[in-house]
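First the structure, in the form of structure tokens, and then the observations on it.
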Amino acid sequence: MRIAVYGASGFTGSLVVTEARRRGIEPVLVGRDVRRLRRAAEEAGVPNAEVRAAGLDEAREMAAVFAECDAVVNCAGPFTRWGEPVVRAAIAAGRHYVDTAGEQQHIHRILGEFDSAAQESAISVVPGVTDDGVPGDLVAHLAAARVSIVRDVLIADLRLPGGVSRGTARSMLAVVGSTGLEYAAGGWHADSGEEFDPITPPGQTRPASLRAFALPGVVTIPRHVAAGRVRGAIRTEVATLFTGLTEEVAETIPEVVPMQARQAGQWLMFAGVTGGHGERIHGWVTGPDGYGLTAVIAVETARRLVEVGAPAGALTPAQAVDPADFLEFLTSAGAQWQVGED
Ligand SMILES: NC(=O)c1ccc[n+]([C@@H]2O[C@H](COP(=O)([O-])OP(=O)(O)OC[C@H]3O[C@@H](n4cnc5c(N)ncnc54)[C@H](OP(=O)(O)O)[C@@H]3O)[C@@H](O)[C@H]2O)c1
């Protein structure tokens with residue numbers, strides 16, 4: 001199997017190249033700058049890997065490279081700025097597509113606008129294949145399946161402040177400053193900003209205060225869970241840090257998060273489901289090294305699209321893979337997960 005990694009010269013892209021190699025999958029490094037791609041191939045331990053230049057305005061070149069691969073993993077963010085040409089090229093080439101976007105707006109747009117084109121090309125397009133997007137969507141699906149009527153779902157990213165890459169900081173600029181969307185009354189609207197009750201994360205004793213945030217789950221979960229309302233939140237202390245993020249600050253952040261900082265930080269996705277009779281089910285997924293896990297998730301999702309198959313169209317993670325089976329797979333990368341009653 002061969003995957004094209006678009007944006008392979010970046011921090012996440014090079015982790016995806018390394019993970020593909022570890023899994024015995026041949027990575028083809030694609031992007032706008034051959035020298036940076038070649039250096040990334042050497043650093044990832046695949047100096048002889050194929051490297052192909054194709055800028056975002058070179059649709060034909062991009063599609064031609066993609067057509068020689070089985071799937072595309074797009075790691076070139078911010079995706080609200082650069083994502084669309086890569087999606088279009090994958091559709092033109094008829095190759096499955098995943099990306100590592102954390103930007104709610106991009107994920108919502110791809111799911112809303114590219115479903116028919118992906119179906120016509122008989123491929124699956126799965127945006128938001130990351131350490132928050134995938135575990136959150138999958139565990140919310142499993143928690144919601146425990147009740148007959150889903151009144152509301154809270155999807156919360158409960159990680160503590162930790163190291164982020166410059167690429168993440170640049171992409172977060174598109175997200176911070178707005179509370180994002182909520183799903184209510186059968187459609188998406190600007191989040192009401194209503195306060196949340198604090199949550200005590202599993203294994204912790206202190207409740208975490210929450211603030212509404214534009215998480216991917218708000219635009220993915222209602223596509224497979226018939227919920228009355230879905231909102232997204234992060235810890236207030238993390239939201240407060242984001243408010244200080246400016247373009248100037250983002251450019252001072254190092255490109256790479258060192259391994260020690262990656263290992264020290266735990267990511268934690270929480271899904272709280274309230275049923276029609278007031279019953280409460282929670283699901284959570286946690287683990288170390290969110291960036292490493294994003295690479296594991298992106299490569300495994302691409303592999304499953306190719307080797308296991310999924311419906312054609314623009315899909316959320318829970319529509320593309322078997323939720324429980326995929327979460328079980330993630331335990332091999334250090335994740336733990338649970339669904340249960342409150
Ligand atoms: N949990 C999450 O939500 C999560 C987790 C991991 C990653 N991500 C997302 O993944 C993305 C990548 O993050 P990162 O830290 O890897 O960023 P990065 O190191 O800055 O890498 C960005 C990549 O995109 C390419 N690129 C940027 N602008 C381009 C353009 N105009 N044309 C062609 N290529 C372009 C860069 O190519 P050059 O080398 O040529 O500049 C580079 O390969 C971000 O959006 C980040 O938020 C999200």
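In each ligand, atom 1 is the first atom listed, and ligand 1 is the first ligand listed. Values below: all heavy atoms of this structure, side chains included; hydrogens, waters and symmetry mates excluded.
Applying the side chain to side chain donor-acceptor pair (under 3.5 Å) test to residues at least two apart or on different chains, the pairs with a partner in residues 293-309 are Arg23-Glu300, Asp131-Thr294, Glu300-Arg303, Glu300-Arg304, Arg303-Glu307, Arg304-Asp325.
Taking a 6.0 Å sphere around CD of Gln105, one finds it holds 12 or fewer heavy atoms contributed by other residues, nucleotides or ligands. Within 6.0 Å of the CD atom in Glu195, the count of heavy atoms belonging to other residues, nucleotides or ligands does not exceed 12.
When ring centroids are compared, Trp188 and Tyr183 come within the 6.0 Å threshold.
Paired with His96 under the rule side-chain contact (heavy atoms from CB on, under 4.5 Å), one option of Val126, Ile123, Val125, Asp70 passes, and it is Ile123.
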request  = Apply side-chain contact (heavy atoms from CB on, under 4.5 Å) to Phe66 and Val86, showing your working.
outcome  = CA-CA 10 Å; Phe66 293 170; Val86 190; 3.8 Å; yes
Distances only, to 0.1 Å: what are the N or O pairs between ligand 1 and the protein that fall under 3.5 Å?
from: ligand 1; atom 1: 1 (N); to: Asp131; atom 2: OD1; distance (Å): 2.5
from: ligand 1; atom 1: 1 (N); to: Asp132; atom 2: OD1; distance (Å): 3.1
from: ligand 1; atom 1: 8 (N); to: Thr100; atom 2: O; distance (Å): 3.1
from: ligand 1; atom 1: 10 (O); to: Thr100; atom 2: O; distance (Å): 3.4
from: ligand 1; atom 1: 10 (O); to: Thr100; atom 2: OG1; distance (Å): 3.1
from: ligand 1; atom 1: 13 (O); to: Thr12; atom 2: OG1; distance (Å): 3.4
from: ligand 1; atom 1: 15 (O); to: Ser165; atom 2: OG; distance (Å): 2.5
from: ligand 1; atom 1: 16 (O); to: Phe11; atom 2: N; distance (Å): 3.2
from: ligand 1; atom 1: 16 (O); to: Thr12; atom 2: N; distance (Å): 2.7
from: ligand 1; atom 1: 16 (O); to: Thr12; atom 2: OG1; distance (Å): 2.9
from: ligand 1; atom 1: 19 (O); to: Phe11; atom 2: N; distance (Å): 2.9
from: ligand 1; atom 1: 28 (N); to: Trp82; atom 2: NE1; distance (Å): 3.3
from: ligand 1; atom 1: 31 (N); to: Arg32; atom 2: NH1; distance (Å): 3.4
from: ligand 1; atom 1: 37 (O); to: Ser9; atom 2: OG; distance (Å): 3.4
from: ligand 1; atom 1: 39 (O); to: Ser9; atom 2: OG; distance (Å): 2.5
from: ligand 1; atom 1: 39 (O); to: Arg36; atom 2: NE; distance (Å): 2.5
from: ligand 1; atom 1: 39 (O); to: Arg36; atom 2: NH2; distance (Å): 2.9
from: ligand 1; atom 1: 40 (O); to: Arg32; atom 2: NE; distance (Å): 2.9
from: ligand 1; atom 1: 41 (O); to: Arg32; atom 2: NH2; distance (Å): 2.8
from: ligand 1; atom 1: 43 (O); to: Gly7; atom 2: O; distance (Å): 3.1
from: ligand 1; atom 1: 43 (O); to: Ser9; atom 2: OG; distance (Å): 2.8
from: ligand 1; atom 1: 43 (O); to: Gly10; atom 2: N; distance (Å): 3.0
from: ligand 1; atom 1: 45 (O); to: Ser171; atom 2: OG; distance (Å): 2.6
from: ligand 1; atom 1: 47 (O); to: Ser171; atom 2: OG; distance (Å): 3.4

